[in-house]
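Remarks on the structure that follows.
Just so you know, these numbers come straight off a predicted model, no measurement behind them. In what follows, chains are A, B, ... by sequence order, proteins preceding strands, each numbered from 1.
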Amino acid sequence: MPYRVIDSFEVRYLQIVDEAGNLDESLFDGFSEWLVRSFFERLVLSRTFNSRCLSLQREGRIGTYPSIYGQEASQVGSALALDAKDWVFPTFRESGVLAALGYPMELLLRYWMGDERGMKIPHGMNIVPMSIPVGTHIPHATGCGWAMRLEGARAAALCYFGDGGSSRGDFHEGLNMAGVFKANTVFLCQNNQWAISVPRTRQTASRTIAQKAFSYGFEGIQVDGNDIFAVYRATLDALNRAKRGEGPTLIECFTYRLDDHTTADDASRYRDPGEVEEWKKREPLLRLRLVMQRMGLWTEDYEKEVVKHSEEVVDSAIEKAEAVSPPEPSDILIYTSHTPSGRQRRELKEL
Amino acid sequence: MPYRVIDSFEVRYLQIVDEAGNLDESLFDGFSEWLVRSFFERLVLSRTFNSRCLSLQREGRIGTYPSIYGQEASQVGSALALDAKDWVFPTFRESGVLAALGYPMELLLRYWMGDERGMKIPHGMNIVPMSIPVGTHIPHATGCGWAMRLEGARAAALCYFGDGGSSRGDFHEGLNMAGVFKANTVFLCQNNQWAISVPRTRQTASRTIAQKAFSYGFEGIQVDGNDIFAVYRATLDALNRAKRGEGPTLIECFTYRLDDHTTADDASRYRDPGEVEEWKKREPLLRLRLVMQRMGLWTEDYEKEVVKHSEEVVDSAIEKAEAVSPPEPSDILIYTSHTPSGRQRRELKEL
Amino acid sequence: MAKANLVDAINRALAEEMERDERVVLLGEDIGRDGGVFRVTAGLLERFGAERVVDTPLSELGMVGAAVGMALWGLRPVVEIQFMAFIYEAIEQIFSHAARIHSRSRGRYSAPIVVRTPYGVGIKGPELHSDSTEAIFCHMPGVKVVVPSTPYNAKGLLKSAIRDEDPVVFLEPSRLYRTIKTELPQEDYTIPLGHAEVVKEGGSITAISWGTMLHRTMEATEGFDVEVIDLQTLKPFDEETLLNSVKKTGRTVVVHEATGFCGVGAELSAFFAELAMLHLRSPVMRVTAPDGVVPMAILEDHYMPSVEKIRRAFEEVMNY
Amino acid sequence: MAKANLVDAINRALAEEMERDERVVLLGEDIGRDGGVFRVTAGLLERFGAERVVDTPLSELGMVGAAVGMALWGLRPVVEIQFMAFIYEAIEQIFSHAARIHSRSRGRYSAPIVVRTPYGVGIKGPELHSDSTEAIFCHMPGVKVVVPSTPYNAKGLLKSAIRDEDPVVFLEPSRLYRTIKTELPQEDYTIPLGHAEVVKEGGSITAISWGTMLHRTMEATEGFDVEVIDLQTLKPFDEETLLNSVKKTGRTVVVHEATGFCGVGAELSAFFAELAMLHLRSPVMRVTAPDGVVPMAILEDHYMPSVEKIRRAFEEVMNY
Ligand SMILES: Cc1ncc(C[n+]2csc(CCOP(=O)(O)OP(=O)(O)O)c2C)c(N)n1
Ligand SMILES: Cc1ncc(C[n+]2csc(CCOP(=O)(O)OP(=O)(O)O)c2C)c(N)n1
Ligand SMILES: [Mg+2]
Ligand SMILES: [Mg+2]
């Protein structure tokens, strides 16, 4: 080999609990009973919210909706690693993150009904409206995490995006700047194997998304995204490193989109149903249940109760959301700029 | 270490001749006397062209000009690896590439005088007008190399850009798509350590540019960019791999911009002159001369003759370029679209 | 002759051009196996293969940039951008490269690419699925901008766009994809770029529109003596047809879905002022969306110019 | 009071705002140690430190995107784009994010960022160093667009832009950076956005211009009774000042450096048609660049509207 090796990199992978519920004892610490119950309860809540949304869409009560089924561990596990001061930059497919963070579900529903007021984030919650143009919010998380670092805040920004999002220029420029300025930012890619009909292998020729971090001079790791323990641990570690000023991390949650891309999609056109069945066996609730059984935290009654409670929460949110009167047409102009221009004032009269 | 390693990468470096002129005998083959003389003659020609341009600019005879001083090995070495069927995507700092390829110097001069006709590439030359917005031409080389692959052409596209260019979204999207579609494209980054006043270490936190290839599933190598033998060899290998359908390569030529960024710049404002002095010792002609001496190809007279010939070539090009009459104002409209619109026809009358 | 909708018409234009010219290739997200999110490319992968109907990574800049490179090499790429707002990342590729390469190389190279994308409000899509920013492309020298309004003209215009030597932004009214059908001849017909169509003759008002709004404009004409012009090509537009009509009617209303400020309506108004002032009996009125961020589904009907709003403009110019 | 050029004026506006408000940070390529390619930020790194005067990687999208994120967190970033054509990569960040976040979050968030960039022909720069595409930013709801024409108004306008809660695109006429000087008060004065300035009173023609072209317009007035208005803020523009002037003069000429088609001149023409038709004694004339790719140095003077061309427009409206 005529070439001299001047540097080398390893791509690392984290799994704490495997599909069969086997856990790595050396890693399984710091998960209090309270936390494990939270995992379960938020996971069930987000799954309940999600399936209700799918029904609401079929009934024409909300618009196009992107399901999170299969990705709940990546969403809930990472969300629960956040502190109140941290900032969250979600995409459209983050109902589970928002549910886990206690985002008012009636707002989330309003949003999916097509009402901007659903993204009027309540004060005290550092969540940014979900990004629709894929990947474009990544530099925002860089800027936010960078500002935190500049101001010496003990906080971090957590940015969600998908495998598709990793192909965009925003990803590259956002992560590169985060590396240069050691932004307090954690980049969390939910690699759910598909970007609508485009499989991961066609999204990029690199074997993992995690290794893309090497381009930016910081750590990237791949995590079993259906293992809520691994996701939580990796996210918490990364957030803590960021808060200590040690710079950004890229986390690839290796997971799967079990449903269609959105309710407007029909995945059977492009995806082998056998693949979906295989991944269903790995869906995150199964193994969480097994761990909780072993810990003595799970009974059938407990689960029934959690499900019932979640359904009540979601149903009451639906009721509230549907009782809200529609927004005013004038909102279109009123919120565009801070003070309306002469032209906008004339147009207001016509709306 | 709780994490499992699932993949690993090595960054490789190629140098055939070091600063002192020592050469790696195992690698030093395939360089015929004819080729080595070509290296020398084209290198001197491009250096001569370059220094004349700097004078012309000072005399107000051409506009702002970007010097290639120090980067000639990267430019000439890579250009000489090209076949006639290959395509070239240069930036503004590629006078050396164009000179080596035999691009009519009077055209190049016209361009720097501010005349678009200087980039009316002669038929038979597959060179694309130099890209001014940094990095933006990278996806073009991807598309061209991809088209070559689709059509089964035994040709490749060679794309030049700088360390600064590697930060742009175009780089990311261009290389990613090239990886996915196995485009016949070679990406050649002249890492000259500076992007105007921004040093390489602030451009990106990754240790090398070469390793960015890992993000795209293909090979990246760092080459001593002041070693014309290494540059030629690495480029030729990469072009050949591309032509065999083995996909793209990223080559980082590790070199140095010895002059100001352009004639409009004053590098003393931001750069330590000591650094420049250190790099001057490594400039590419020095070691080429040493190798040629050892091969019995160099004498003082030979060099004098080459220099004299180069000066004559450049001087006659200057003469030609300055004798050309200025372009017609109507060219502004005539070339904008293939057929002028009604509006453009009216405007033509007013020009 | 069978009737077809806009999706079929565009699909057939693409298929026929791919059949006619081997150099035509399609790039886009989900245009292959999935057949496109609006199913516009359905069946084309099966027919022309994965080398000519290419599912790309999620990479708008990359797609358009690669298309420019392919065009330099000699292909004729047609890029699908899933929704108009997602073209913004690729604007530099369009403005700084596709639009200029012919001029920059003084004719040696061209970028005969077509960038197709659905535009406009009206499908109750999520945020950023309803933009209508044709004006910004019209402003850039070197770019042509085309908007069909029917299956019939979509097929003819798209074929011309693909055959054109200049880059074309081809905007498909998403609201019309499946809502209207017209007869669609099997023959290979084209509609030249730069040609506007008088779709309804009239004597008192010239109403100019395109895409979705053309149909609203037609609806609004009842009771008015309106000549309705489907602009079809926004840049370069058909000056002659417009001037002839205005000379006859003396009154002009432009209707478009985009916000008014610096929209194409402004250009039309300025054009008439400069070239037909003495024929104008009333100001050129624009009926457009307001100067606000395109709203989500619940408010979208309030954003789009309504039939009543167009009728008010007709009344206004008549009573001026 | 000392005189200063445009570079100094902008430098001082930046310094004063950074002094006044700790949240103001500057991002850009070569703005730190190098002091900016036009030296606009010279000395600021030394004065405010590398955390507030940041040399970024070559990353226009990244800079503007990061600025949006910083603004969400509470900073007030001012981004320098080295030349206007290099803003195109960042357009999506401006259009889809900065412009919309206030509306999308129904007031919870804003993006009070300023994107400064030199624009225009006239410095004999290389290709793509002379674009003037203000119109496309004007078209996007939620964005403000400001163009100073003198050191004095540059300082006042930039301070207002930095203090504004909405995103502002601030376009600096590169040709004027060092060619004109005005008095520059030391005090903290501002010029409100949305306010046009009557720089010369007159009775027969209203000439509207901004930036570099304002000075050509002034030059052209000799022998005509022209009221010259410096628009200053292109979006939202000062309707009242414009209408008042046109009511007096009845004739309008708009002069801008950008190409005419769908330029800001078109909007002004349409605006006058709609709101001042009865006062117009002649068509609103536009004097603009032609619909061609901005040429390189040798032809650039032919591209820019000349004084003679402006005078011809004055004559035309007078003789109409
Ligand atoms: C810039 C952009 N291009 C295209 C789309 C249309 N689109 C919506 S989601 C999607 C796929 C996203 O894939 P990924 O990033 O993997 O996220 P996932 O949907 O799998 O969660 C596409 C193409 C978009 N929203 N934004
Ligand atoms: C998109 C873009 N941004 C900014 C500039 C201004 N500019 C010209 S060259 C340059 C630095 C380029 O650095 P690098 O890519 O390393 O190439 P080098 O000049 O070192 O050859 C900059 C910032 C530009 N031309 N294009
Ligand atoms: Mg995905
Ligand atoms: Mg460099």
Side-chain angles (χ1 to χ4, degrees), chain C residues 60-61 85-96 99-100 102-104 127-128 131 133 135-142 234-236 254 258-278 280 282-286 289-295 320, chain D residues 60-61 85-96 99-100 102-104 127-128 131 133 135-142 234-236 254 258-278 280 282-286 289-295 320:
Chain C
E60 282 75 8
L61 185 174
F86 307 146
I87 212 174
Y88 299 146
E89 195 203 24
I91 276 186
E92 182 167 43
Q93 288 297 331
I94 299 174
F95 284 5
S96 301
R100 297 186 208 218
H102 189 248
S103 177
R104 296 184 64 224
E127 287 178 278
L128 284 144
D131 272 29
T133 38
I136 65 180
F137 298 93
C138 289
H139 187 53
M140 185 52 67
L234 311 194
K235 169 102 178 262
V254 184
T259 182
F261 198 91
C262 283
V264 175
E267 177 57 38
L268 288 163
S269 178
F271 165 75
F272 287 120
E274 285 165 355
L275 293 180
M277 179 78 166
L278 294 179
L280 294 176
S282 70
V284 178
M285 296 292 300
R286 293 177 288 171
D291 187 18
V293 172
V294 188
Y320 197 78
Chain D
E60 282 76 7
L61 185 175
F86 307 147
I87 210 174
Y88 299 147
E89 196 204 22
I91 276 187
E92 181 168 44
Q93 288 296 331
I94 298 174
F95 284 5
S96 302
R100 297 187 209 219
H102 190 247
S103 177
R104 297 184 65 223
E127 288 178 279
L128 285 145
D131 273 29
T133 38
I136 66 180
F137 297 94
C138 289
H139 186 54
M140 187 49 70
L234 311 194
K235 168 98 177 267
V254 184
T259 180
F261 197 91
C262 283
V264 175
E267 178 56 40
L268 288 163
S269 178
F271 165 76
F272 287 121
E274 284 165 355
L275 294 178
M277 179 78 166
L278 294 179
L280 294 177
S282 72
V284 177
M285 295 293 299
R286 294 178 287 171
D291 187 18
V293 172
V294 188
Y320 198 77

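Interatomic distance, D:Phe95 CZ to C:Thr133 OG1, rounded to the nearest 0.5 Å: 7.5 Å. To the nearest 0.5 angstrom, C:Leu61 atom CG is 8.5 Å from D:Leu61 atom CG. Atom CD of C:Glu267 sits about 4.0 Å away from atom CZ of D:Arg286, to the nearest 0.5 Å. For the atom pair CG (D:Leu278) and OG (C:Ser282), the distance works out to 10.0 Å, reported to the nearest 0.5 Å. Separating the CG atom in C:Leu280 from the CE atom in D:Met277 is a distance of 5.5 Å, to the nearest 0.5 Å.
For D:Val264, the parts lying under 4.5 angstrom from a heavy atom of chain C are both the backbone and the side chain. Of the atoms belonging to D:Phe272, not a single heavy atom falls under 4.5 Å from chain C. Heavy atoms closer than 4.5 Å to chain C are found in the backbone of D:Leu234, but not in its side chain.
The candidate from D:Pro236, D:Ser269, D:Pro283, D:Ala99 with the greatest count of non-hydrogen atom pairs under 4.5 Å with chain C is D:Pro283. Listed options D:Ile136, D:Leu268, D:Val294 were ranked by heavy-atom pairs under 4.5 angstrom with chain C; first place goes to D:Ile136. Per-residue counts of heavy-atom pairs under 4.5 Å with chain C were compared for D:Glu274, D:Glu89, D:Met285, D:Met140; the largest is that of D:Glu274. Note on D:Arg104, D:His139, D:Glu92, D:His102: by heavy-atom pairs under 4.5 Å with chain C, the leading option is D:His139. When the candidates C:Gly263, C:Gly265, C:Ala85 are compared by the number of heavy-atom contacts under 4.5 Å with chain D, C:Gly263 comes out ahead.
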